[in-house]
Protein chains: 2
Amino acid sequence: MKRNTWQREAVRGALDANDGFVSAQALHSALHSTGSPIGLATVYRALADLAVTGDADSLQSPEGESLYRACSTNDHHHHLICRNCGLTVEIEADAVETWAKDVAAQNGFTQAAHVVDVFGLCAACTAQAAASAR
Amino acid sequence: MKRNTWQREAVRGALDANDGFVSAQALHSALHSTGSPIGLATVYRALADLAVTGDADSLQSPEGESLYRACSTNDHHHHLICRNCGLTVEIEADAVETWAKDVAAQNGFTQAAHVVDVFGLCAACTAQAAASAR
DNA sequence: GCCTTGCTGATAATGATTGTCAAAACCATT
DNA sequence: AATGGTTTTGACAATCATTATCAGCAAGGC
């Protein structure tokens, strides 16, 4: 049976407190800095569990780290992520869903999963970048 | 100045000989098994170079490895990848291109890049899986 | 052929993630 | 509240992919 431990709550809480995607490492140090003595391995396990139960989303950053995020819905959806500040917008993509399924079917593929994420600079970071470039 | 070494040729050749995405590690052992004494570090360097010059495409597998592939065109395109045998089909996705750009613009994002890849089981591997499940 | 300088490769280093296992915590039951 | 069977935890070691190091080699211009 799944048990309810304060560590799991702490991880979920730390995820909720964050607007964007966070690495497991960052989450661990964030928890430590609040005085929590939680172990690194536990953070990884909790994140893996949350991802499985659908309470969190995970994706690979372009640098190869695994990033996690608490998502507001359990529905399948995608993300628009600011590569500078990590701000994340959840986006609906019915068109992409059906497109992915069609493309897979046309080529004889089954069990199609897809990775669809858009990275960019959010409005604030765009302005900042323009200012600092000057 | 960039020099022309047989090692670089070997890596490019090994990439060309392969239909799908390969990890750097796999490429290195493939080369070794053909008797080439090429070093692992060199494979990584050659792949990084090829990716920069646009002679190869790279992406992150869901497991977090970096995969490489020699692509037939320099145009921007996406991939349909068999997660079992690595077979890769290049797919055009104008619809997705414009969708990604629109979504980014609607949310004030600039410099939008996107990661769009479809993983599945190709026809052959689907049949195999069905057979072995029996 | 010689020389300069970039390239190679064995190995160490790094950094993220996962495995190990005894001790502690959880929860249903008494 | 005490007990007991299991799960979870956490410190640490192990693993895996990748990158840095650095002395020796080789490519290309002369």
Side-chain angles (χ1 to χ4, degrees), chain A residues 1-15 18 20-53 55-69 81 83 86 115, chain B residues 1-15 18 20-53 55-69 81 83 86 115 117 119:
Chain A
M1 187 215 306
K2 271 271 183 286
R3 293 184 183 172
N4 247 358
T5 62
W6 65 266
Q7 285 96 336
R8 226 174 277 269
E9 298 300 326
V11 170
R12 185 192 298 249
L15 260 194
N18 212 304
F21 278 87
V22 212
S23 72
Q25 308 272 343
L27 211 53
H28 175 238
S29 28
L31 282 165
H32 258 204
S33 71
T34 68
S36 167
I38 193 170
L40 177 57
T42 307
V43 174
Y44 274 99
R45 278 185 292 241
L47 285 174
D49 282 352
L50 288 173
V52 165
T53 60
D55 289 324
D57 249 22
S58 72
L59 63 79
Q60 305 268 340
S61 80
E63 290 80 33
E65 278 177 290
S66 288
L67 303 182
Y68 296 87
R69 172 159 201 262
I81 304 148
R83 73 166 67 88
V115 179
Chain B
M1 186 215 310
K2 269 271 184 286
R3 290 183 185 173
N4 245 0
T5 62
W6 64 265
Q7 287 96 335
R8 224 174 278 269
E9 298 299 327
V11 169
R12 185 191 300 248
L15 260 194
N18 212 303
F21 277 87
V22 212
S23 71
Q25 309 272 345
L27 211 53
H28 177 236
S29 29
L31 283 165
H32 258 204
S33 71
T34 68
S36 168
I38 193 170
L40 176 58
T42 306
V43 175
Y44 274 99
R45 276 184 294 241
L47 285 174
D49 283 352
L50 288 173
V52 165
T53 59
D55 289 323
D57 251 21
S58 72
L59 63 80
Q60 304 267 341
S61 79
E63 290 78 34
E65 280 177 290
S66 287
L67 303 182
Y68 296 87
R69 172 158 201 261
I81 304 148
R83 72 166 68 90
V115 179
D117 288 297
F119 289 84

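Here is how names work: the chains are called A, B, and so on, in the same order as the sequence lines, proteins then strands, and each is numbered from 1. Bear in mind that the values here come from a model prediction, so they are computed numbers and not experimental data.
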Output a table of nitrogen or oxygen pairs between the protein and nucleotides 26-29 of chain C separated by less than 3.5 Å.
from, atom 1, to, atom 2, distance (Å)
C:dC26, O2, A:R3, NH1, 2.9
C:dC26, O2, A:R3, NH2, 3.4
C:dC27, OP1, A:N4, N, 3.3

I need the minimum non-hydrogen distance between B:V43 and B:A24, along with the two atoms involved.
CG1-O, 3.9 Å
Just jot down the salt bridge (charged side-chain N to carboxylate O under 4.0 Å, His left out) partners of A:R45, sequence neighbours excluded, or say none.
none
Take the protein atom CD of B:E9 and the nucleotide atom C1' of C:dT8, then report the distance between them rounded to whole Å.
15 Å
Show me the donor-acceptor pairs within less than 3.5 Å that the side chains of residues 5-12 of chain B make with the rest of the protein, sequence neighbours left out.
from, atom 1, to, atom 2, distance (Å)
B:T5, OG1, B:R8, N, 3.4
B:R8, NH1, B:D49, OD2, 2.4

Output a table of nitrogen or oxygen pairs between the protein and nucleotides 15-21 of chain C separated by less than 3.5 Å.
from, atom 1, to, atom 2, distance (Å)
C:dT17, OP1, A:S66, N, 2.9
C:dT17, OP2, A:Y44, OH, 2.4
C:dT17, O5', A:Y44, OH, 3.2

For B:S23, side-chain contact (heavy atoms from CB on, under 4.5 Å) partners two or more places apart:
B:Q25, B:A26, B:E65, B:L67
For B:F119, enumerate each residue passing the side-chain contact (heavy atoms from CB on, under 4.5 Å) test, keeping only those at least two apart in sequence or located in another chain.
A:V115, B:L59, B:P62, B:I81, B:R83, B:D117
Contacts satisfying salt bridge (Lys or Arg N to Asp or Glu O under 4.0 Å) that involve residues 21-38 of chain A (not counting sequence neighbours) are none
All ring pair (Phe, Tyr, Trp, His ring centres under 6.0 Å) counterparts of B:F21, not counting sequence neighbours
B:H79
Hey, does the side chain of B:H28 reach the backbone of B:T42 with a donor-acceptor pair shorter than 3.5 angstrom?
no
Smallest separation among heavy atoms of B:P37 and B:H32, with atom names:
C-NE2, 3.9 Å
Return the angle between end axes of the helix from C:dG1-D:dC30 to C:dT30-D:dA1, with five pairs used per end and rounding to 10°.
30°
Going 5' to 3' along DNA chain D, which nucleotides are the first and last within contact of chain A (any atom under 4.0 Å from a heavy atom)?
D:dG5 to D:dA11
